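The block underneath contains the structure these notes are about, expressed in structure tokens.
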There are 2 protein chains.
Amino acid sequence: MSEEKRPKDQLKAHIRAQNQALILETSERVFARQGLAKTTTQMIADEAGLPKANVHYYYRSKKDLLEAVLERILRLWLDSVSEFNLEEGPKRNLTRYISEKIDQSRINKNASKIFAMALIGEEHFVLDYLRNLFVTELKREKATIQAWVDKGLMAPVSTEHLFISIWAMTQTYADFDAQVKIMLQKDELEESDFDEAKQFITRMVLAGCGVVEH
Amino acid sequence: MSEEKRPKDQLKAHIRAQNQALILETSERVFARQGLAKTTTQMIADEAGLPKANVHYYYRSKKDLLEAVLERILRLWLDSVSEFNLEEGPKRNLTRYISEKIDQSRINKNASKIFAMALIGEEHFVLDYLRNLFVTELKREKATIQAWVDKGLMAPVSTEHLFISIWAMTQTYADFDAQVKIMLQKDELEESDFDEAKQFITRMVLAGCGVVEH
DNA sequence: GTCTATATGTAGATAGAC
DNA sequence: GTCTATCTACATATAGAC
């Protein structure tokens, strides 16, 4: 009975996917620029070139839309940072991790800002995500670091404070870029600024963790 | 001609000062809890036990009120961190600076959060303040650090990236406390958590800057 | 699936009696 | 200086024609 409907369904599914993608991309820009609460569905609709009712057709409420944006951000985000590789040792791993985090902030600044805004506003959606992340990811990294400590490759440090510090330092270049620009007295940050940040942060982390050269 | 009015004027001035203080303190709590945009003058009025029109009598607009809150925060803030003392050398100075910044975040968490929210939202008021701060304060600190480098007391580092990192690490314990709580798996942060943060951050900064022991 | 028109709620702000 | 009542604007969200 639904045989004849398939082509039409496929077309509809295509339109749906396209419009949803357009709305999500536009929302990410507008949310990052205006702030979560100041953003209106009207602004998003205007910037996407759609009537407002169309936005509400795909995402019933503004809250639904924000959560869809956050989900997309977080999914892409996890993929852009490598897991620790036990055999390579702390020096290479920490250096790569910091580099990837800085790249992530630079390349997808809007995503980073939205995440920070949701976190500072204590959005349940983001807190729940972090709790999950903690269980699945962080515990593994913690075990890896402990193994390096046991092998004498680095000093015993608090994994929690280490990650808190690395995240704070790397994300500040995206989330508080207005402050960073004032500090560096630049109108826009260049790739070289991010490279200097990488070097400085890596140097501090490796030295602070007493990572042995090899 | 105004001789007889003085007592009445003094009373009015007293009432004004008291009400303004009440409104500012309440606003700081509500802004930090709800976020800048989600906060309504009605919420502030309710929590202060005043009618909304009374709030608008003292602060004509919500924007005026937010700026008054920010001004109060920033004024108190500068006073709570010591300036660098050239003779003491980098180890003592950096250790004290980090300790004071962490204390500041812990003791006045709401102020720190409001500042972060205003910064991420790129409020002109805060950006202008930072530009002033840069000119007056940071240039002096930069000269001091350069003097230490010249004396061989520490490695040559970028003052800008150093301050960006210290600010990021110390403020993250206040601004993103929800994230920190999840990482440390605690319902509330205790003074001991902040002490551990101090130690970890200090260790990283001193080691990363190659500060010589003495 | 699209979009105009509209319902409903609530924000910021003020007039004007006390 | 206080506070009720109200104005205006605009937000979210939806109904219903196309």
Side-chain angles (χ1 to χ4, degrees), chain A residues 2 4-27 30-31 33-70 117-118 121 123 125, chain B residues 2 4-27 30-31 33-70 117-118 121 123 125:
Chain A
S2 64
E4 296 101 324
K5 283 190 178 167
R6 266 197 207 140
K8 196 185 279 180
D9 287 352
Q10 280 180 8
L11 177 62
K12 281 192 180 179
H14 179 66
I15 290 175
R16 168 166 287 266
Q18 257 197 338
N19 279 334
Q20 285 186 327
L22 172 63
I23 292 169
L24 286 182
E25 284 162 26
T26 308
S27 300
V30 181
F31 275 132
R33 196 172 63 229
Q34 299 284 338
L36 307 186
K38 277 189 200 160
T39 295
T40 68
T41 50
Q42 185 70 64
M43 290 175 195
I44 293 168
D46 289 348
E47 191 152 328
L50 296 170
K52 186 176 57 167
N54 210 334
V55 173
H56 277 96
Y57 172 74
Y58 287 106
Y59 299 95
R60 186 161 297 275
S61 69
K62 183 182 166 182
K63 188 165 175 286
D64 285 350
L65 177 53
L66 173 60
E67 292 187 357
V69 169
L70 286 169
M117 293 189 293
E123 296 275 340
F125 188 88
Chain B
S2 64
E4 295 100 325
K5 281 189 181 169
R6 267 198 207 139
K8 197 186 276 182
D9 286 353
Q10 281 181 7
L11 177 62
K12 280 192 182 181
H14 179 66
I15 290 175
R16 168 166 285 268
Q18 256 198 339
N19 278 336
Q20 284 186 327
L22 172 64
I23 292 168
L24 287 182
E25 285 164 25
T26 308
S27 299
V30 181
F31 274 131
R33 196 174 62 229
Q34 298 283 338
L36 306 187
K38 277 190 200 160
T39 294
T40 67
T41 49
Q42 185 70 64
M43 289 176 196
I44 293 168
D46 289 348
E47 191 153 326
L50 296 170
K52 186 175 59 164
N54 209 334
V55 173
H56 276 96
Y57 172 73
Y58 287 105
Y59 298 95
R60 186 162 297 273
S61 70
K62 183 181 166 182
K63 188 164 175 287
D64 285 350
L65 178 52
L66 173 60
E67 292 187 356
V69 169
L70 286 169
M117 294 188 294
E123 296 277 341
F125 188 88

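In what follows, chains carry the letters A, B, and so on, assigned in the order in which the sequence lines appear, proteins first and then strands, with residues in each chain numbered from 1. Nothing here was measured: the structure is a model prediction, and the numbers come from that model.
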Exercise. Could you tell me the separation between the NZ atom of A/K38 and the P atom of D/dT12, rounded to a whole number of Å?
Key: 14 Å
Quiz item: DNA chain D: B/A13 or A/A53, which has the more 5' nearest nucleotide?
Solution: B/A13
Quiz item: Does B/K62 have any side-chain contact (heavy atoms from CB on, under 4.5 Å) partners at least two apart in sequence or in another chain, and if so, which?
Solution: B/F31, B/T41
Practice problem: Name all residues meeting the side-chain contact (heavy atoms from CB on, under 4.5 Å) criterion together with B/E123; count only those two or more places apart in sequence or in a different chain, and write none if there are none. | Solution: A/K38, B/L36, B/L66, B/A118
Quiz item: Base, sugar-phosphate, or nothing for A/Y59, non-hydrogen atoms under 4.0 angstrom?
Solution: nothing
Output side-chain donor-acceptor pairs under 3.5 Å for residues 14-25 of chain A, partner residues at least two apart or in another chain, one line each.
{"unit_1": "A/N19", "atom_1": "ND2", "unit_2": "A/Y58", "atom_2": "OH", "d": "3.0"}

Exercise. Sequence neighbours left out, what pairs pass salt bridge (Lys or Arg N to Asp or Glu O under 4.0 Å) with at least one residue falling in residues 40-51 of chain A?
Key: A/R29-A/E47, A/R33-A/E47
Quiz item: With a 4.5 Å heavy-atom cut-off, do B/L50 and B/I44 have their side chains touching?
Solution: no
Quiz item: To the side chain of B/Y57, which of C/dG1, D/dG1, C/dT4 is closest?
Solution: D/dG1
Self-check item: Nearest-Å distance for atom pair NE2/P, residues A/H14 and C/dG1
Solution: 12 Å
Quiz item: How long is the line joining CG of A/N54 and P of C/dT2, in whole Å?
Solution: 5 Å
Exercise. Could you check how far CG of A/L65 sits from P of D/dA11, rounded to whole Å?
Key: 15 Å
Self-check item: Atom of B/A37, atom of A/A37 and distance for their closest heavy-atom approach
Solution: CB-CB, 3.4 Å
Quiz item: Does OP1 or OP2 of C/dA13 have a side-chain N or O of B/R60 closer than 4.0 Å?
Solution: no
Quiz item: In whole angstrom, what separates B/Y58's OH from C/dA13's P?
Solution: 18 Å
Identify each atom pair where a protein N or O and an N or O of nucleotides 8-12 of chain C are less than 3.5 Å apart, giving names and distance.
{"unit_1": "C/dG12", "atom_1": "OP2", "unit_2": "B/T41", "atom_2": "N", "d": "3.1"}
{"unit_1": "C/dG12", "atom_1": "OP2", "unit_2": "B/T41", "atom_2": "OG1", "d": "3.1"}
{"unit_1": "C/dG12", "atom_1": "N7", "unit_2": "B/K52", "atom_2": "NZ", "d": "3.2"}

Quiz prompt | Between C1' of D/dA13 and CG of A/D64, the distance in whole Å | solution = 12 Å
